Protein chains: 2
Amino acid sequence: MELRLADRIAETLEGMILDGTLADGERLDEVQLAERFAVSRTPLREAFQRLALSGLVRQIPRRGVFVRQPGLAELVEMFEVMAELEAVCARLAASRITDDALAALEAANARCLSAVRSEDPDGYFTENERFHAILYRQSGNAFLEKECQALHRRLTPFRRLQLRLRGRMRQSMSEHETIVAALREGDARAAENATRAHVAVQGEKFHHLISSLKSDAV
Amino acid sequence: MELRLADRIAETLEGMILDGTLADGERLDEVQLAERFAVSRTPLREAFQRLALSGLVRQIPRRGVFVRQPGLAELVEMFEVMAELEAVCARLAASRITDDALAALEAANARCLSAVRSEDPDGYFTENERFHAILYRQSGNAFLEKECQALHRRLTPFRRLQLRLRGRMRQSMSEHETIVAALREGDARAAENATRAHVAVQGEKFHHLISSLKSDAV
DNA sequence: ATACAAGTTCTTGTATACAAGATGAATGAC
DNA sequence: GTCATTCATCTTGTATACAAGAACTTGTAT
């Protein structure tokens, strides 16, 4: 027995929702999941609370909990907010970033480049995650950092799909370079705009993914 | 039976934490609160989950839950994020706002004016809430609106304290006018900057409140 | 006297039992 | 034959019972 079952279950369910194992609108049966995880209903219900607060699940009183995948409209809205939040991070970071962090950003982007060359989407994804994590941190605002991480995490599966678009990885890496250059110059406005554009393009081009979603499995 | 007990309890506890009835670091005893609310520990624990996710409470495994009031540094960070989020709302609203909403903003600010004249802090507070709620809505981004509402709500007690500062109500109202003017002109940049400044001043001047906190009761 | 250790008690985490509302089926009326 | 009503069943919401870990107390040794 690790420590709290509810935490482990919440993480597992969250992963299953994010990776699409649990389809939109699907009902999460308490007893069924309870015996599947070999626990009682109690920790499951606590996990449901957490998922509901994160917005991954909708709780209808006396009816049950249902998976709630965001629709296209909501996804566009979420990407818009993500773009603005990251833009704020970049603007603040422009004056607050450390030399070490700048080097780390460049290193992460360099590893992005090798991932592109070796056509390794997973590797690119990982280094891209690191790049953005550094950006959040260098905003110098821990609260902002946490908010960004939360939204970033929630959008993860949809960002991952983006990498399927032809040439997206290389383009994304190039945008990273623009951001780093602006940060190095200390140009807050340029860093802000470059970052907003970098993230917003994901939301704007999201309809491209819809078609690729229909032809491919997740 | 009306609504879920856990919901009612969560709201009650949230109110007690926000209005300072429950002090920072105080432990929330399950059995004690259970008999106080005349319920079992089960709905209480569900309520705790919600409070923990909102950040109002910290849950330490096998130890219990403790009230977690943000410190000064964190409050400043939260106000900074609030300023940026509202600034985004204003920028987006500049092109998306409806005539009706503009009129509603002006009406709310007019009622702010009468509250100032009759020296009615509660009335001012209420109308100020309405003003900001309209701004969030007019961003045209429902997800952003919800995020703003959540953070706004969390900062409520600290914003309320701001009104004690000499002349703050009148100044705040004047800032509202600047925002509305920019929105009416459709000047996104001006609306963004005016709104950011309007909210940021609360965070920047927060140390003023600390001293007033020490001389006055809440 | 102080520090450490063992046992007791108390609190949390989990499981199970119970209650109340919701869903669906079956029966009867029109 | 279709619709409504009632009853049975199922599921959620709540309470209680049980298990395990943490804290406190008490006693002893240095």
Side-chain angles (χ1 to χ4, degrees), chain A residues 1-18 20-70 150, chain B residues 1-18 20-70 150:
Chain A
M1 187 185 299
E2 308 181 347
L3 221 40
R4 302 214 304 270
L5 296 179
D7 291 0
R8 185 175 60 81
I9 292 169
E11 280 183 36
T12 304
L13 288 177
E14 182 176 329
M16 291 172 69
I17 293 174
L18 288 181
T21 304
L22 297 171
D24 183 40
E26 188 168 340
R27 175 168 158 272
L28 299 182
D29 190 290
E30 287 185 4
V31 296
Q32 185 177 325
L33 287 170
E35 69 179 34
R36 177 167 173 179
F37 287 112
V39 298
S40 78
R41 285 172 49 218
T42 308
L44 262 176
R45 288 180 59 83
E46 294 196 356
F48 286 168
Q49 296 280 338
R50 288 177 48 166
L51 297 178
L53 264 294
S54 307
L56 290 101
V57 132
R58 172 156 190 175
Q59 235 169 343
I60 302 179
R62 298 278 180 197
R63 290 288 308 273
V65 306
F66 301 84
V67 178
R68 187 190 169 288
Q69 297 284 12
Chain B
M1 195 170 295
E2 37 180 55
L3 209 47
R4 292 210 302 266
L5 293 181
D7 291 1
R8 185 173 59 81
I9 291 169
E11 280 183 36
T12 304
L13 288 177
E14 182 177 328
M16 290 172 69
I17 293 174
L18 289 181
T21 303
L22 297 171
D24 184 39
E26 186 168 342
R27 176 168 157 275
L28 298 181
D29 189 292
E30 288 186 3
V31 296
Q32 185 178 325
L33 287 170
E35 68 181 34
R36 178 167 172 180
F37 287 112
V39 298
S40 79
R41 285 173 49 218
T42 309
L44 261 178
R45 288 179 60 83
E46 294 197 356
F48 285 168
Q49 296 281 339
R50 288 177 46 167
L51 296 178
L53 264 293
S54 308
L56 290 98
V57 131
R58 172 157 189 173
Q59 236 170 342
I60 303 178
R62 297 279 179 194
R63 290 286 310 271
V65 304
F66 302 83
V67 178
R68 186 189 169 289
Q69 297 284 11

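Numbers restart at 1 for each chain; the letters A, B, ... are given by sequence-line order, proteins then strands. Here the structure is a predicted model, which is why all the values come from computation and not from measurement. All values below were derived from every heavy atom in this structure, side-chain atoms included, with hydrogens, water molecules and symmetry-related copies excluded.
In terms of the side-chain contact (heavy atoms from CB on, under 4.5 Å) criterion, residue partners of Gln32(A) (sequence neighbours excluded) are, by chain and number, Asp29(A).
As a whole-Å value, the separation of Gln32(A) CD from dT12(D) P is 10 Å. Nucleotide dT11(C) holds its C1' atom 14 Å from the CG atom of Leu28(B), rounded to whole Å. Rounded to a whole Å, the CG atom of Asp7(A) is 16 Å from the P atom of dT12(C). Following rounding to the nearest Å, Asp29(B) (CG) and dA23(D) (P) show an atom-to-atom distance of 15 Å. Look at CZ on Phe37(B): it is 13 Å from P on dA15(D), rounded to the nearest Å. If you take CD of Glu30(A) and P of dG13(D), they are 7 Å apart, rounded to a whole angstrom. Distance Phe66(B) CZ to dT11(C) P: 12 Å, rounded to the nearest Å. The CG-C1' distance, from Leu5(A) to dT16(C), rounds to 15 Å in whole Å.
Residue Arg63(B) places at least one side-chain N or O closer than 4.0 Å to OP1 or OP2 of dA23(D). Remark: Arg62(B) is not in phosphate contact with dA22(D), judged by side-chain N or O atoms under 4.0 Å from OP1 or OP2. For the pair Arg27(B) and dT12(C), the criterion of a side-chain N or O lying under 4.0 Å from OP1 or OP2 is met.
Between Thr12(A) and Met16(A), the closest side-chain pair of non-hydrogen atoms falls below 4.5 Å. Residues Val57(B) and Phe48(B) have side chains not in contact (no heavy-atom distance under 4.5 Å, counting atoms from C-beta outward). Looking only at side-chain heavy atoms (C-beta outward), Ile9(B) and Leu44(B) come within less than 4.5 Å of each other. In this structure, Arg27(B) and Val65(B) have side chains that are not in contact, with every pair of non-hydrogen atoms separated by 4.5 Å or more.
Results of the side chain to side chain donor-acceptor pair (under 3.5 Å) test with Gln49(B) over Arg45(A), Arg50(A), Glu46(A) single out Glu46(A) as the only residue that passes.
Shown here, dT30(D) forms a base pair with dA1(C); the pair counts as Watson-Crick or G-U wobble because both key distances fall under 3.5 Å.
Glu26(A) places a side-chain N or O within 3.5 Å of a backbone atom of Ala23(A) that can act as its donor or acceptor partner.
Sorted by residue number, the members of residues 39-56 of chain A with any non-hydrogen atom under 4.0 Å from DNA chain D read Arg41(A), Arg45(A).
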